[in-house]
Amino acid sequence: MKGINFPIYKTKTGSRAFLLEDPKERQEYFQLKAGQAIKKLRKYLRENVFMGILLGPKNSGKGTYVKLFIEALGTDKVAHISVGDVVRSAHESLADNSKKDELVDFLKKRYRGFISIDKALDVILGRDTQTLLPTEIILALTEREIDKAGRKAIFVDGFPRNMDQVSYSLYFRSLMGYRDDPDFFVFIDVPESVIDERMKYRVICPQCRTPRNLKLLRTKEVGYDEKLSKFYLICDNPKCDRQRMVSKEGDDLGIEAIRNRIEGDGEVMRTLLGLEGVPQVFLRNSIPVALAKNSVDDYEITPAYNYELDKLSGGVKVTEEPWITNDDTGASSHSLLPAPIAVALINQVAEVLGL
């Protein structure tokens, strides 16, 4: 992130290499690198909760890191709430009369703002394209999702989105009223060059919504579509029954399609870094090549994957090569795979909770 110097979190142990795209090996890896913190967090979550506010540029991997956090702990005591998904969920609720009534009733109890609820619903449905959805409505909708989650620790993703919302975020817990749990900020630093590649090659599972990357973060299984002459990833989640992962419309344009959003996210992060009284967790995606050898294990570094069809067996042959990119200062750097960043998240969350 331009103008911000994030600390390097060392995860090097020199142990055997793990295949981090394999869910079983990831579990062994998490136990090796964060076993004590995982044990403490599991015990903590039996009776307690927390709220982590995720702050990072769009496409910085917030959802991926939280999914791995939950996977490592093997728990249903943690929820990830994306503000973008919250608004989309409200849109879907309005298509069902019973759900619409429930939503309107909730807003009548929790919403305080300067436009009517009816007008806010028109904005959500797209009938009013001239009015921006007020922050007060976004907060109320987020509270609704927190209600649905029940007694769980929560990571909130997507708020505050701009400088106007920063003051609201300072009073987020007070506005909710019904939760008084430990809270902390999670700052995520990802070079723009990495975001660009992530976007261009990103795919998601249409069922569980898990994101992966055809070039930089593959799943264990890769398939080939003869009709389209394209390789594709197969979701690792056994509940998804080998769903084919698909690309998202517009991602092929890369980072320039979201340039204004990236710059806005950076301004919000730089402001909140100076906020006193809230513990901070730092997640850094890149590491200078010169420092990597002493800081991380080789298998934690993001490779670039190449695929070719084995015409004899009909299978897919996967090869990889080191991927070196420039960070935002211009230094030659490696990008880290999500698993070591999740390790940094797990260990630091345990620390800020005093475990």
Within one Ile-Leu-Val-Met-Phe-Trp-Tyr cluster: [X] and [Y], side-chain cutoff 4.5 Å:
X      : Y      : result
Leu20  : Tyr9   : no
Met199 : Leu253 : no
Tyr305 : Ile324 : no

Minimum heavy-atom separation for [X] and [Y], please, with both atom names.
X      : Y      : answer
Lys62  : Pro57  : NZ-O, 3.2 Å
Thr13  : Leu32  : OG1-CD2, 3.9 Å
Asp327 : Thr329 : OD1-OG1, 2.7 Å
Ala37  : Ile346 : CB-CG2, 3.9 Å
Leu68  : Pro338 : CD1-CB, 3.5 Å

Flag yes if more than 12 heavy atoms outside [X] fall under 6.0 Å of its [atom1] atom; otherwise flag no.
X      : atom1 : answer
Gln36  : CD    : no
Lys148 : NZ    : yes
Lys215 : NZ    : yes
Asn306 : CG    : yes

side-chain contact (heavy atoms from CB on, under 4.5 Å) between Asp251 and Lys200, intermediate numbers included: CA-CA 5 Å; Asp251 275 356; Lys200 288 178 178 177; over 6 Å; no

Student check: side-chain heavy atoms of [X] and [Y] closer than 4.5 Å:
X      : Y      : answer
Arg212 : Ile204 : no
Asn285 : His334 : no
Phe18  : Glu28  : yes
Glu102 : Arg144 : yes
Pro322 : Ile301 : no
Val83  : Glu145 : no
Val186 : Leu283 : yes
Asp196 : Glu256 : no

Quick one: [atom1] on [X] to [atom2] on [Y], what's the gap to the nearest 0.5 Å?
X      : Y      : atom1 : atom2 : value
Glu143 : Leu107 : CD    : CG    : 10.0 Å
Thr219 : Leu233 : OG1   : CG    : 4.0 Å
Trp323 : Leu216 : CH2   : CG    : 4.5 Å
Leu41  : Leu355 : CG    : CG    : 5.5 Å
Arg198 : Ser335 : CZ    : OG    : 5.5 Å
Leu73  : Phe30  : CG    : CZ    : 9.5 Å

Criterion salt bridge (charged side-chain N to carboxylate O under 4.0 Å, His left out) on Lys220 and Asp22, from CA distance to verdict: CA-CA 6 Å; Lys220 188 177 180 181; Asp22 185 317; 3.1 Å; yes

Do NZ/NE/NH1/NH2 and the carboxylate oxygens of [X] and [Y] come within less than 4.0 Å?
X      : Y      : result
Glu192 : Arg259 : yes
Asp297 : Lys10  : no
Lys293 : Asp298 : no

Pairwise salt bridge (Lys or Arg N to Asp or Glu O under 4.0 Å) hits with a residue in residues 84-93, at least two apart: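 Output for this query lists Asp85-Arg88.
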
Of all pairs that satisfy salt bridge (Lys or Arg N to Asp or Glu O under 4.0 Å), the ones with a partner from residues 36-54, not counting sequence neighbours: none

Residues Ser116, Asp118; criterion side chain to side chain donor-acceptor pair (under 3.5 Å); working and verdict: CA-CA 5 Å; Ser116 69; Asp118 286 340; 5.4 Å; no

Can you name the side-chain hydrogen bond (donor to acceptor under 3.5 Å, both in side chains) partners of [X], sequence neighbours left out?
X      : result
Arg26  : Glu71
Glu320 : none
Asp105 : none

Test log, rule ring-ring contact (aromatic ring centres under 6.0 Å, His included), inputs Phe50 and Phe155: CA-CA 8 Å; Phe50 61 74; Phe155 285 102; 5.4 Å; yes

Phe187: ring-ring contact (aromatic ring centres under 6.0 Å, His included) partners, not counting sequence neighbours: Phe185, Phe282

Criterion side-chain contact (heavy atoms from CB on, under 4.5 Å) on Tyr29 and Lys33, from CA distance to verdict: CA-CA 6 Å; Tyr29 166 83; Lys33 304 245 174 171; 3.6 Å; yes

Arg244 vs Ile234, side-chain contact (heavy atoms from CB on, under 4.5 Å): CA-CA, chis, key distance, verdict: CA-CA 5 Å; Arg244 179 189 297 199; Ile234 299 171; 5.8 Å; no

Criterion side-chain contact (heavy atoms from CB on, under 4.5 Å) on Val78 and Phe69, from CA distance to verdict: CA-CA 9 Å; Val78 180; Phe69 182 95; 4.1 Å; yes

Audit row: Glu197, Thr325, side chain to side chain donor-acceptor pair (under 3.5 Å) steps and yes/no: CA-CA 10 Å; Glu197 293 291 282; Thr325 186; over 6 Å; no

Stepwise side chain to side chain donor-acceptor pair (under 3.5 Å) test for Ser286 and Ser333: CA-CA 6 Å; Ser286 68; Ser333 300; 4.8 Å; no

Phe6 six-ring centre to Arg284 NZ/CZ under 6.0 Å and within 45° of normal: no

